[in-house]
Amino acid sequence: MNQTLSVIPNEPAITPELIAQHGLTPEEYERIVKLLDRTPSFTELGIFSAMWNEHCSYKSSKVHLRTLPTEAPWVIQGPGENAGVIDIGDGLAVVFKMESHNHPSYIEPYQGAATGVGGILRDVFTMGARPIACLNALSFGDPKHPKTRALVAGVVAGIGGYGNSFGVPTVGGEVRFDRRYDGNCLVNAMAVGLAETDKIFYAKATGIGMPIVYLGSKTGRDGIHGATMASAEFGADAEEKRPTVQVGDPFSEKLLLEACLEIMAKGCVIAIQDMGAAGLTCSAVEMGAKGDLGVTLDLDKVPCRETGMSAYEMMLSESQERMLMVLKPDKEKEAEAIFRKWGLDFAVVGETTPSKRFVVRHGGAVVADLPIKELGDEAPVYRRPFTERGKQAEIDPASVKAPVGIAEVLEALIGSPNLCSKRWVWEQYDHVILGNTVQRPGGDAAVIRINDGPKALALTADVTPRYCEADPFEGGKQAVAEAYRNLSAVGAKPLALTDNLNFGNPERPDIMGQFVGCVRGIGAAARALDFPVVSGNVSLYNETNGRAILPTPTIGGVGLIDEFTRSMTMAFKSEGEAILVIGGTRGWLGQSLYLRELCGREDGAPPPVDLAVERRHGDFVRSLIRDGLITAAHDVSDGGLLVALVEMAIASGIGAVLEAPSEVPAHAFWFGEDQARYLVTARNVEPIMERAKAAGVPVTPLGATGGALVSISGERPLRVADLKQRFEAWLPAYMVGSH
Amino acid sequence: MKSAVVVFPGINRERDMARALRLASGREPAMVWHADTALPAGTDLVVIPGGFSYGDYLRCGAIAARAPIMDAVRGFAAKGGLVLAICNGFQIACEAGLLPGVLMRNAQLRFICRDVYLRVERSDTPFTRGYNAGQVIRVPVAHGEGNYIADGETIARLESEGRVLFRYSSPDGMIDPNWNHNGAMNGIAGIINERGNVLGMMPHPENHVEASMGRTDGRGLFAGLLDHFKVAA
Amino acid sequence: MKARVTVTLKPGILDPQGKAIEGALRSLGVGGVTSVRQGKVFEIEIEGADRAGAEAALKSAAEKLLANTVIENYRIELGGQ
Amino acid sequence: MKARVTVTLKPGILDPQGKAIEGALRSLGVGGVTSVRQGKVFEIEIEGADRAGAEAALKSAAEKLLANTVIENYRIELGGQ
Ligand SMILES: Nc1ncnc2c1ncn2[C@@H]1O[C@H](COP(=O)(O)OP(=O)(O)O)[C@@H](O)[C@H]1O
Ligand SMILES: [Mg+2]
């Protein structure tokens with residue numbers, strides 16, 4: 001195939017600088033030349049750079065991701081499609097995925113976060129699912145860093161701005177602050193949709209000579225690879241051609257959703273793929289490669305927003321709210337009418353071919369002619385060297401006692417940036433639209449009724465990055481275990497998870513070691529808990545000036561509740577009920593918030609996660625909920641027992657009288673972060689104790705609910721109302737600049 | 001009760017509304033497309049639901065208010081037909097001249113979704129006969145621009161003619177700025193037109209209609225409307 | 001032909017955004033600003049070179065859609081080719 | 001002193017609002033409009049009569065707050081007293 005393509009005037013010559021600007025190494029470029037048996041054209045170089053970059057090719061992470069467990073009898077589609085799909089019975093499937101939009105959100109917080117939400121929603125409805133909920137996991141820098149406040153304001157407004165307008169409830173997530181995110185905030189968005197099991201749509205094209213249709217909004221110069229475009233090669237009109245920030249248009253996306261679902265219902269669609277990162281390139285190549293078919297695109301047919309766009313620009317544009325679809329030829333007119341009704345662009349831009357080549361024409365010339373399978377399959381795969389961090393020393397609780405009493409510690413923690421209420425955030429999200437929100441944000445997991453019931457989904461997003469850094473393997477396990485626990489605490493059977501792996505530069509062995517360790521931990525936990533990974537996303541190179549973010553493998557968990565009216569909440573229900581802690585307490589202070597916020601130390605081994613125990617305790621709590629033996633449940637995580645207990649008190653306005661522990665030092669007992677624990681309340685303790693004994697689950701009475709105070713014998717009692725005030729105050733006060 | 005729900009591009013609470021109407025009346029409402037020029041024959045109640053018609057671009061409700069179907073809605077209202085306009089619907093009704101005033105951005109400039117308390121000011125209208133005057137109900141709001149304003153003369157007229165049907169209040173019915181989340185003048189959450197047949201309100205009673213979901217304070221509005229048509233029949 | 005329609009709030013109408021910006025400018029240490037009112041500007045391309053026709057179209061656009069004349073004023077400026 | 005800061009989207013940045021308005025004008029029968037882009041205008045009162053000082057303050061206001069310079073351009077006009 002030693003042909004040359006027509007020479008396009010004014011295209012830059014392929015120089016080593018240009019190759020480097022495309023993020024390709026000299027070796028990778030050699031590989032391209034060998035594959036083609038000639039020099040690539042400028043457009044082809046752009047296509048390769050898009051297909052072979054970390055984001056599309058997963059070249060640093062692939063070998064490790066393959067180790068994750070992805071199967072279970074209820075998994076319909078694991079990783080590899082736009083989103084994962086699981087069967088929830090009654091002919092229904094849940095489609096979900098989480099994805100990051102970190103860098104764009106740091107550059108332009110509102111639009112970056114908004115388009116992140118838009119992208120993940122598209123992944124879900126591309127598969128034929130109507131989105132029913134969103135979650136978001138956000139990591140920001142030190143509250144005192146001058147950029148943090150504006151990032152929080154912009155990101156939260158952007159997530160709300162998109163989801164609210166699109167019409168999906170945003171029901172859960174997390175918000176953390178840590179100076180390690182100073183130069184790199186993380187915005188991880190998750191979307192969950194509902195489809196019929198026999199009407200799931202995939203990216204794989206079938207049939208030769210089938211029309212490939214472009215749908216949605218027009219193409220502009222949005223988000224084209226910055227480094228490339230900044231090159232001087234473009235000459236005098238560089239200013240005009242500057243790549244631009246992607247702007248979200250939730251209105252168009254809502255129309256796109258309705259139009260797509262309508263033509264899917266009418267049986268017009270053979271294959272469908274949304275245009276996400278590297279837009280037209282990735283979507284067209286994937287459709288063809290998955291179906292062992294070639295694809296020919298005619299760029300003169302692509303609806304453009306701007307004049308004079310080059311083939312290179314069109315192939316790499318990341319304009320939002322666009323789709324590519326292979327249509328049944330006899331349904332073309334019908335499909336077009338539907339799209340016109342919704343006021344969207346519709347254009348046949350190509351067709352499938354038997355050649356297995358990816359051919360792109362523009363202005364009468366062939367600007368790219370590439371082997372379609374190799375574009376994806378031959379992408380480099382790296383086994384990057386990694387070094388694993390040694391185990392940290394365990395911390396003796398007696399050696400790290402803060403100079404203040406239990407009451408003061410509690411007051412400090414409950415009003416601290418990481419433990420305080422995130423109401424200021426989630427009140428900007430419409431969390432009640434669609435009328436199915438059984439449990440709103442603020443609990444352990446959100447609960448969303450499915451259609452008119454009786455089933456419901458429980459949804460959560462979790463990770464504890466400081467554990468992941470101290471011990472990647474334990475941290476990876478803990479993230480999965482915490483998601484499992486949050487789902488169990490509302491009475492849901494955990495079914496499957498999506499992961500969003502945010503790390504620094506994988507070319508650094510220590511960072512790669514974090515990645516490898518976390519993935520191993522996630523895999524181990526997912527396997528032990530029967531909680532497979534069905535979709536995910538990797539975001540690497542999150543670092544500034546050589547300083548990486550904390551390793552942050554966010555876990556999005558989905559669980560199923562058979563009868564939504566019986567989902568469990570964490571608020572105390574009435575006075576005089578027994579409070580029990582399920583799970584053992586050694587008083588583990590390594591990497592705890594107590595250590596960090598009160599002692600100014602960030603060291604020690606994080607709490608180990610015993611997966612067999614996690615599973616046993618989860619099963620136990622779910623059985624108590626199912627059999628109506630408990631009145632409230634809450635998992636114990638960051639901040640430990642007393643923080644969890646106070647959250648239950650605040651949620652209800654009811655206080656508690658607690659007994660001081662005898663075996664473990666008080667500060668370690670109340671604030672240690674031992675895993676696999678839940679707090680529950682019950683009117684009748686006997687049957688629970690009996691079951692616990694039989695199941696081998698440690699259950700310890702802690703006290704009773706009642707009154708307006710949280711009091712521990714020997715400590716200063718605290719008013720629930722005052723604790724609530726502290727809990728609620730920090731974030732709103734921070735956002736108006738008062739601290 | 002035969003109801004018709006008007007659907008503009010970008011409207012997104014039409015399903016919530018359809019469910020509330022169905023649960024109240026046992027009947028599926030007709031969904032009417034913005035480009036249509038007529039309402040289904042025999043329509044008793046027209047509903048303009050919540051959402052982001054046309055993305056709320058330009059001004060909330062501005063573009064929808066000029067859609068073809070709105071002439072039919074205006075005609076229907078002019079003949080005394082009942083129109084229920086909620087959230088974006090309220091904004092559209094104001095822009096369409098069916099109701100006076102404007103909904104500006106919330107005073108704190110943020111979108112707010114939370115349960116609020118409303119004092120029902122009158123029970124002698126088709127929209128509020130399912131409640132008692134002075135009753136306080138709890139329903140959600142979800143909007144960025146619900147801050148009702150009008151000129152002094154209009155406000156005075158609304159008040160003197162008893163056209164404010166719902167007001168943001170404390171749980172025990174006090175009108176208090178601390179319980180007015182969007183800064184609306186006089187705590188106005190919902191008003192009717194002069195003739196009393198068009199109601200615009202920001203909160204979402206349609207999201208609180210099922211006991212199994214925890215709250216039913218929105219039911220009174222739909223039950224009242226049903227009652228109104230039963231009595232009329 | 002290029003044109004511009006500027007839409008501003010009528011005097012006396014409360015402008016919460018403008019107020020918030022005033023406050024924010026103060027806390028950013030931008031001195032001397034005593035009042036801010038926010039409006040909209042529409043940059044419009046209109047076909048043909050008939051100024052009178054264009055002006056009529058723009059007036060109708062402003063009246064029918066771009067401005068809510070209950071609370072807003074508008075101003076039309078016609079540019080050159 | 002009166003001033004005006006006009007903030008407009010940079011060329012090439014998607015303007016969903018402008019696009020929706022274009023469509024609406026077309027269906028309202030307002031003829032000839034081929035493109036609409038929406039921006040913001042801030043009408044500002046600034047103390048003192050020192051034009052240079054005012055100009056500096058406005059520039060800082062625009063950079064820090066009024067415009068999002070990642071996606072927007074701004075223009076400052078100083079009026080008379
Ligand atoms: N960004 C967010 N969006 C929506 N809800 C959030 C967000 N951040 C926190 N929440 C909600 O606040 C509650 C507490 O969050 P978190 O402290 O992270 O819980 P947990 O420790 O149980 O995982 C949860 O219900 C969560 O869904
Ligand atoms: Mg929890």
Novice: Just verifying a value: how many Å separate Q38(C) CD and K40(D) NZ, rounded to the nearest 0.5 Å?
Specialist: 6.0 Å

Novice: Need one label for L66(D): side chain, backbone, both or neither, based on atoms under 4.5 Å from any heavy atom in chain C.
Specialist: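 Side chain only.
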
Novice: At a 4.5 Å cut-off on heavy atoms, which part of T6(D) comes close to chain C: side chain, backbone, both, or neither?
Specialist: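 It is the side chain, since no backbone atom gets that close.
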
Novice: By number, which residues in residues 22-33 of chain D have some heavy atom less than 4.5 Å away from chain C?
Specialist: A24(D), L25(D), L28(D), V30(D), G31(D), G32(D), V33(D)

Novice: Looking at E43(C), E47(C), K64(C), Q17(C), which makes the most heavy-atom pairs under 4.5 Å with chain D?
Specialist: E43(C)

Novice: As a test of understanding, state which of I46(D), I44(D), L65(D) forms a side-chain contact (heavy atoms from CB on, under 4.5 Å) with V36(C).
Specialist: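 Testing V36(C) for a side-chain contact (heavy atoms from CB on, under 4.5 Å) against I46(D), I44(D), L65(D) leaves exactly one candidate, I44(D).
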
Novice: With chain D as the partner, which of T8(C), I21(C), T34(C), V41(C) has the greatest number of non-hydrogen pairs under 4.5 Å?
Specialist: V41(C)

